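Down below is the structure, laid out as structure tokens.
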Protein chains: 2
Amino acid sequence: MAQRRGLIKGGFDSLLLCLIAQQPMYGYQIIKELEKRSQGYFRFKEGTLYPALHRSEKAGLIQGKWQTLPSGRQRRYYHITEKGLHSLAAKRSQWLDFLAAMNLIIQPVSD
Amino acid sequence: MAQRRGLIKGGFDSLLLCLIAQQPMYGYQIIKELEKRSQGYFRFKEGTLYPALHRSEKAGLIQGKWQTLPSGRQRRYYHITEKGLHSLAAKRSQWLDFLAAMNLIIQPVSD
DNA sequence: TATTATACATAGAGAGACTAGGTATTATTC
DNA sequence: GAATAATACCTAGTCTCTCTATGTATAATA
């Protein structure tokens, strides 16, 4: 059960990896992008996002690099690492397994 | 976001409701049934199940009744309440919303 | 000049899932 | 008859994740 513990709870980390795998992104952008793509469903707070980014970076799944805009503003862009790509593939497969298991339980109930 | 917090984390409570809605069940049976139906995927521990049952009963979603077998053994059978049925319907709809949102994020990534 | 949006960050609280332990009865095996 | 496994319930404590709340700072807008 150990590898499944983080599945339901830590699903958010998968979303992060998924987004960053598509293109490097910075924190604030990720929050907006998740909200936009999910049509307003996901509205994560900074207090959720930044610790998750730091966690993932510490785990070597993503790597952040400071970039300075022409305006002088600083942004920390995160890109996915090789290890992160493997982790993403694993997480996606675990997600599908989880969905399959859920469906086996839930589907018998008709509306 | 408040009503969504329990979605990912509290998905387990939905599984419980779903099972009990189909037929009254007792704790030990639920653990075995979840494992059997999910083909071994779900293997919840007592430490997860019983607190969840008590939580749901306290919330008025299910109700437990002690039954004595001919052998003398005691079992606590839980059946779903009217309130539980409403909650189950709501949870299923929330689950579908969540799935839809997840798909909007995840699907763009092809294998 | 004040407010809003952008952009980062952390501390603390709350809740749920797990680990680990406990009690007691029944059935099976030696 | 004794030891073990299976059945059946329960709780205390720990860990980790998500949220609330707050702080800092700059750029753009009213």
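The sequence lines fix the lettering, A, B, ..., with proteins before strands; numbering per chain opens at 1. All of these numbers come straight from a predicted model, not from anything done at the bench.
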Residues B:Leu53, B:Ile20; criterion side-chain contact (heavy atoms from CB on, under 4.5 Å); working and verdict: CA-CA 11 Å; B:Leu53 284 175; B:Ile20 295 173; 4.1 Å; yes
For A:Lys65 and A:His79: C-alpha separation, side-chain torsions, deciding distance, then whether side-chain contact (heavy atoms from CB on, under 4.5 Å) applies. CA-CA 8 Å; A:Lys65 279 180 184 162; A:His79 62 89; 3.8 Å; yes
Would you sort out whether B:Tyr41 and A:Phe98 count as a side-chain contact (heavy atoms from CB on, under 4.5 Å), showing the intermediate values? CA-CA 8 Å; B:Tyr41 185 88; A:Phe98 171 70; 3.4 Å; yes
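In this structure a side-chain-to-backbone donor-acceptor pair under 3.5 Å is present from B:Glu57 to B:Gly64. Of the possible donor and acceptor atoms, one in the side chain of B:Gln22 sits under 3.5 Å from a partner among the backbone N and O of B:Cys18. In this structure, B:Glu35 contributes its side chain and B:Lys32 its backbone to no donor-acceptor pair below 3.5 Å. Side-chain atoms of A:Ser38 come within 3.5 Å of backbone N or O of A:Leu34 as a donor-acceptor pair.
Distance B:Met25 CE to D:dT7 P: 14 Å, rounded to the nearest Å. Distance, B:Phe98 CZ to D:dT18 C1': 13 Å, rounded to whole Å. Between B:Gln74 atom CD and C:dT26 atom P there is a gap of 10 Å when expressed in whole angstrom units. Whole-Å rounding puts the B:Asp13 CG to C:dG16 C1' distance at 9 Å. In this structure, CG of B:Leu15 is placed 15 Å from P of C:dG16, rounded to the nearest angstrom. Rounded to whole Å, atom C1' of D:dT20 lies 17 Å from atom CZ of A:Arg43. For A:Gln29 and C:dT6, the CD to P distance is 12 Å, given to the nearest whole Å. Rounded to a whole Å, the CD atom of A:Glu33 is 16 Å from the C1' atom of C:dT6.
Of the residues in residues 49-68 of chain A, A:Tyr50, A:Pro51, A:His54, A:Trp66 come within less than 4.0 Å of DNA chain C through at least one heavy atom, sorted by number.
Using a 4.0 Å heavy-atom cutoff across all strands shown, A:Gly47 reaches at least one base atom of the nucleic acid. Residue contacts for A:Glu46: at a heavy-atom cut-off of 4.0 Å it reaches a base atom on one of the strands shown.
Looking at heavy atoms from C-beta onward, B:Phe42 lies out of side-chain contact with B:Arg37 at the 4.5 angstrom threshold.
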Filtered N/O pairs between nucleotides 27-30 of chain D and protein, under 3.5 Å:
| residue | atom | partner | partner atom | Å |
| --- | --- | --- | --- | --- |
| D:dA27 | OP1 | A:Ser71 | O | 2.7 |

Ignoring hydrogens and angles, write down the donor-acceptor pairs under 3.5 Å from the side chains of residues 81-89 of chain B, residues two or more places apart or on other chains.
| residue | atom | partner | partner atom | Å |
| --- | --- | --- | --- | --- |
| B:Thr81 | OG1 | B:Gly60 | O | 2.6 |
| B:Thr81 | OG1 | B:Leu61 | O | 3.0 |
| B:Thr81 | OG1 | B:Lys83 | N | 3.4 |
| B:Thr81 | OG1 | B:Gly84 | N | 3.0 |
| B:Lys83 | NZ | B:Ala59 | O | 3.0 |

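Distances were taken from every side-chain heavy atom of A:Thr48 (C-beta onward) to each of D:dC19, C:dA9, D:dC9; the shortest belongs to D:dC19. The side chain of B:Phe44 has C:dC18 as its nearest neighbour among D:dT18, D:dA8, C:dC18. For A:Arg75, whose side chain is taken as the heavy atoms from C-beta onward, the closest listed nucleotide among C:dT6, D:dT18, D:dT20 is C:dT6.
The phosphate of D:dA8 (OP1 or OP2) has a side-chain N or O of B:Tyr26 nearer than 4.0 angstrom.
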